[in-house]
Structure formats: structure tokens, C-alpha cells
**Student:** 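Okay, here's the structure, questions in a sec.
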Amino acid sequence: MTPPLAITNVPALDDRRLRVELETLLEDTVNGGASVGYHAPLEPHWKRAFWDGVAAQLSAGAHRLLIARGPDGDVLGSVQLALCTKPNGAHRAEVQKLLVFTRHRRNGVARRLMAAVEDTARGLGRSLLVLDTLKGDSGEPFYEATGWRRAGLIPGYTVEADGAFHDTVLFYKTL
């Protein structure tokens, strides 16, 4: 059963408490084994730098950050939407960094965040979404189960903590 939660669009990262929660979310996600660009254990400077980058993207206006909060107001997860700003891409966006605290996984939080980011994209006139995920990661069957279509595979896209090159799978969804 999905716990009650509220999903909100966060236009800026100027709330210190929220920043701390988001840094903890990234750390928990990476240390929990998710491949989101970093290796465990996540160094403190990386989590600050990551959210500083998101804050700058939000300020630039072509990025959206959605936060899922539980009934107590605590952050459960987040997802981002990067809007294409090129004239020939005003119809598309990239879903980035779906993060859910490990203790809240398998409770529908990710599904709700993905539905919300799709609704946000629709509201912004976007009709095509893309994303990528590590081949063999839990994201791969999740995206397939939520209606995303596999577009292809890029071999050796990332270097994971084991030092080996790993493939990434590209997905798309038409809204």
C-alpha cells in the first residue's frame, strides 16, 4: 500500500533544512547501491556540489525539481526534469535522478514521482521524455513496468565502483 505523500515542485533550493534532507537523500541513494553518477561511500563535497548544480539549473529556469514528502513532512524522494531549451526541442525533456530513500523503496514513492514528473512535463507542453539507467539496475524493469520504451543501449557508458565499464539503457516515453 502506498503511504500518503505529497509531491511538490521546488522552484529554488534556498531552504537550508531542505538542502540537508536532499544531501542526505543523495548519500543514502548512492550508499544504497544506486547508480546515479557517484560511487559509495559518497564524499560530503560531492553531495553539496550536486545540489549546488541543481540549484543553479533551477535558477536558470529550464529545470524542475519535484519532492515527495511523507505525512510528517520529511522528504521521501525526488526527481528532476531537464527541459530542452533548443528551438527544435521545445517538445522534449529529460527525466533525471529519480532518488528514493532506501527505507521508502517498494512503497510506490518512485511510481508517484514518475507520474508527477510526467504530469509536470505535460503541463509544460512537453510530449516526449527520455531517461537513461544502468543496464541490469533495478531501474530497468521499473521503467519498463511504468510504460517507458527501450530505445537502445550505450556500451561502456559509466565506470562503476568496481572499476569496470558498464552499459546504460536509454528509454523514452511519449506523453
Side-chain angles (χ1 to χ4, degrees), residues 1-55 57-58 63-82 93-121 129-148 157-164 166-169 171 173:
M1 179 174 177
T2 304
L5 58 90
I7 297 177
T8 57
N9 176 46
V10 177
L13 287 179
D14 48 12
D15 179 319
R16 182 67 194 137
R17 179 176 180 247
L18 177 58
R19 274 296 294 262
V20 169
E21 286 183 286
L22 291 172
E23 288 176 11
T24 303
L25 171 62
L26 180 63
E27 182 175 37
D28 175 76
T29 304
V30 170
N31 292 346
S35 176
V36 290
Y38 301 94
H39 300 146
L42 186 64
E43 299 289 333
H45 71 276
W46 285 122
K47 60 186 181 180
R48 285 190 301 274
F50 174 79
W51 290 109
D52 285 346
V54 172
Q57 292 168 327
L58 290 171
H63 209 78
R64 300 296 183 272
L65 172 62
L66 302 178
I67 303 290
R69 292 184 182 275
D72 58 1
D74 289 343
V75 170
L76 306 179
S78 70
V79 68
Q80 298 171 49
L81 186 68
E94 180 181 358
V95 174
Q96 300 176 339
K97 303 297 188 257
L98 175 62
L99 309 173
V100 176
F101 271 108
T102 53
R103 68 184 175 273
H104 295 294
R105 291 185 187 157
R106 301 241 178 276
N107 287 323
V109 176
R111 280 184 186 274
R112 294 272 306 276
L113 280 165
M114 289 301 289
V117 82
E118 290 171 19
D119 287 345
T120 298
L129 297 179
V130 297
L131 62 79
D132 70 272
T133 192
L134 185 71
K135 181 169 176 36
D137 188 67
S138 61
E140 197 175 356
F142 169 77
Y143 296 123
E144 289 173 336
T146 55
W148 287 74
Y157 189 75
T158 67
V159 178
E160 294 302 314
D162 62 4
H166 290 258
D167 303 340
T168 196
V169 181
F171 284 93
K173 191 169 195 177

**Student:** Is any side-chain heavy atom of D132 less than 4.5 Å from a side-chain heavy atom of Y157?
**Tutor:**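 Yes, at least one pair of side-chain atoms sits under 4.5 Å.
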**Student:** With the side chain counted from C-beta on, respond yes when L5 and I7 share a heavy-atom pair under 4.5 Å apart, and no when they do not.
**Tutor:**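 Contact flag for L5/I7 side chains = yes.
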**Student:** State whether the side chain of H104 and the backbone N or O of V75 hold a donor-acceptor pair below 3.5 Å, judged by distance alone.
**Tutor:**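 It does not hold such a pair.
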**Student:** Minimum heavy-atom separation for V95 and L129, please, with both atom names.
**Tutor:**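 V95 and L129 have their closest heavy atoms at CG2-CD1, 4.1 Å.
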**Student:** So which atom in E21 and which in G73 form the shortest heavy-atom distance, rounded to 0.1 Å?
**Tutor:**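 Where E21 meets G73 most closely, the heavy atoms are OE2-O, 4.4 Å.
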**Student:** Supply the atom-to-atom distance L131 CG to Q96 CD, rounded to the nearest 0.5 angstrom.
**Tutor:**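 Between atom CG of L131 and atom CD of Q96 there are 10.0 Å.
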**Student:** Given side chains that start at C-beta, do those of L13 and L65 come closer than 4.5 Å, heavy atoms only?
**Tutor:**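 L13 vs L65: side chains touch.
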**Student:** Any donor-acceptor pair under 3.5 Å linking the side chain of K97 with the backbone of L26?
**Tutor:**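 Looks like no, no N/O pair under 3.5 Å.
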**Student:** Sub-3.5 Å donor-acceptor pair from the side chain of R64 to the main-chain atoms of T120, do we have one?
**Tutor:**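 Flag not set: sc R64 to bb T120 has no pair under 3.5 Å.
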**Student:** Using the rule given for side chain to side chain contact (heavy atoms under 4.5 Å, CB included), can you reason through T146 versus F171, listing the C-alpha separation, both sets of side-chain angles and the distance that settles it, and then say yes or no?
**Tutor:** CA-CA 11 Å; T146 55; F171 284 93; over 6 Å; no
**Student:** Please assess R19 against D52 for the test side chain to side chain contact (heavy atoms under 4.5 Å, CB included), listing each intermediate value before the final yes or no.
**Tutor:** CA-CA 9 Å; R19 274 296 294 262; D52 285 346; 2.8 Å; yes
**Student:** Minimum heavy-atom separation for V100 and T29, please, with both atom names.
**Tutor:**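 Closest approach of V100 to T29, heavy atoms only: O-OG1, 3.9 Å.
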**Student:** Does any part of the side chain of M114, heavy atoms only, come nearer than 4.5 Å to the side chain of V117, both counted from C-beta?
**Tutor:**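 Touching, per the 4.5 Å side-chain cut-off.
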**Student:** Taking all non-hydrogen atoms of both residues, which atom of V36 and which atom of L99 are closest, and how far apart?
**Tutor:**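 Nearest heavy atoms, V36 then L99: CG1-CD2, 3.8 Å.
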**Student:** Report the distance from atom CZ of R69 to atom CG of L76, rounding to the nearest 0.5 Å.
**Tutor:**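 If I round to the nearest 0.5 Å, the distance is 9.0 Å.
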**Student:** List the atom of R105, the atom of G32, and the distance in Å for their closest heavy-atom pair.
**Tutor:**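 Minimum heavy-atom contact is NH1-O, 4.2 Å.
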**Student:** Between T168 and T133 (side chain of the first, backbone of the second, donor and acceptor by atom type, cut-off under 3.5 Å), is there such a pair?
**Tutor:**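 Yes; judged by distance alone, with no hydrogens or angles, the pair exists.
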**Student:** Contact between F50 and E23 at the side-chain level, heavy atoms closer than 4.5 Å - yes or no?
**Tutor:**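 Result no, sub-4.5 Å side-chain heavy-atom pair not found.
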**Student:** I need the minimum non-hydrogen distance between A145 and R111, along with the two atoms involved.
**Tutor:**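 Closest heavy-atom pair between A145 and R111: CB-NH2, 4.0 Å.
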**Student:** Counting only N and O atoms by type, is there a donor-acceptor contact under 3.5 Å from the side chain of W46 to the main-chain atoms of Y38?
**Tutor:**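 The answer is no, because no donor-acceptor pair under 3.5 Å joins these two groups.
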**Student:** Can you tell me how far apart CG (L18) and CG (L25) are? Round to the nearest 0.5 Å.
**Tutor:**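 Taking CG in L18 and CG in L25, the distance rounds to 10.0 Å.
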**Student:** Are the side chains of V169 and W148 in touch, meaning some heavy atoms are under 4.5 Å apart?
**Tutor:**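 Heavy-atom side-chain distance check fails, nothing below 4.5 Å.
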**Student:** E140 side chain to G136 main-chain N or O, any donor-acceptor pair under 3.5 Å?
**Tutor:**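 Checking the backbone N and O of G136 against the side chain of E140, a donor-acceptor pair under 3.5 Å is found.
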**Student:** Using modelled atom types only, decide if a donor and an acceptor are shared between the side chain of D137 and the backbone of A34 within a distance under 3.5 Å.
**Tutor:**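 Side chain of D137 to backbone of A34, a donor-acceptor pair under 3.5 Å: no, none is there.
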**Student:** Between D72 and D74 (side chain of the first, backbone of the second, donor and acceptor by atom type, cut-off under 3.5 Å), is there such a pair?
**Tutor:**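 Checked: pair present.
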**Student:** Does D28 pair with K47 as a salt bridge, N-O distance under 4.0 Å?
**Tutor:**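 No, no charged N to carboxylate O under 4.0 Å.
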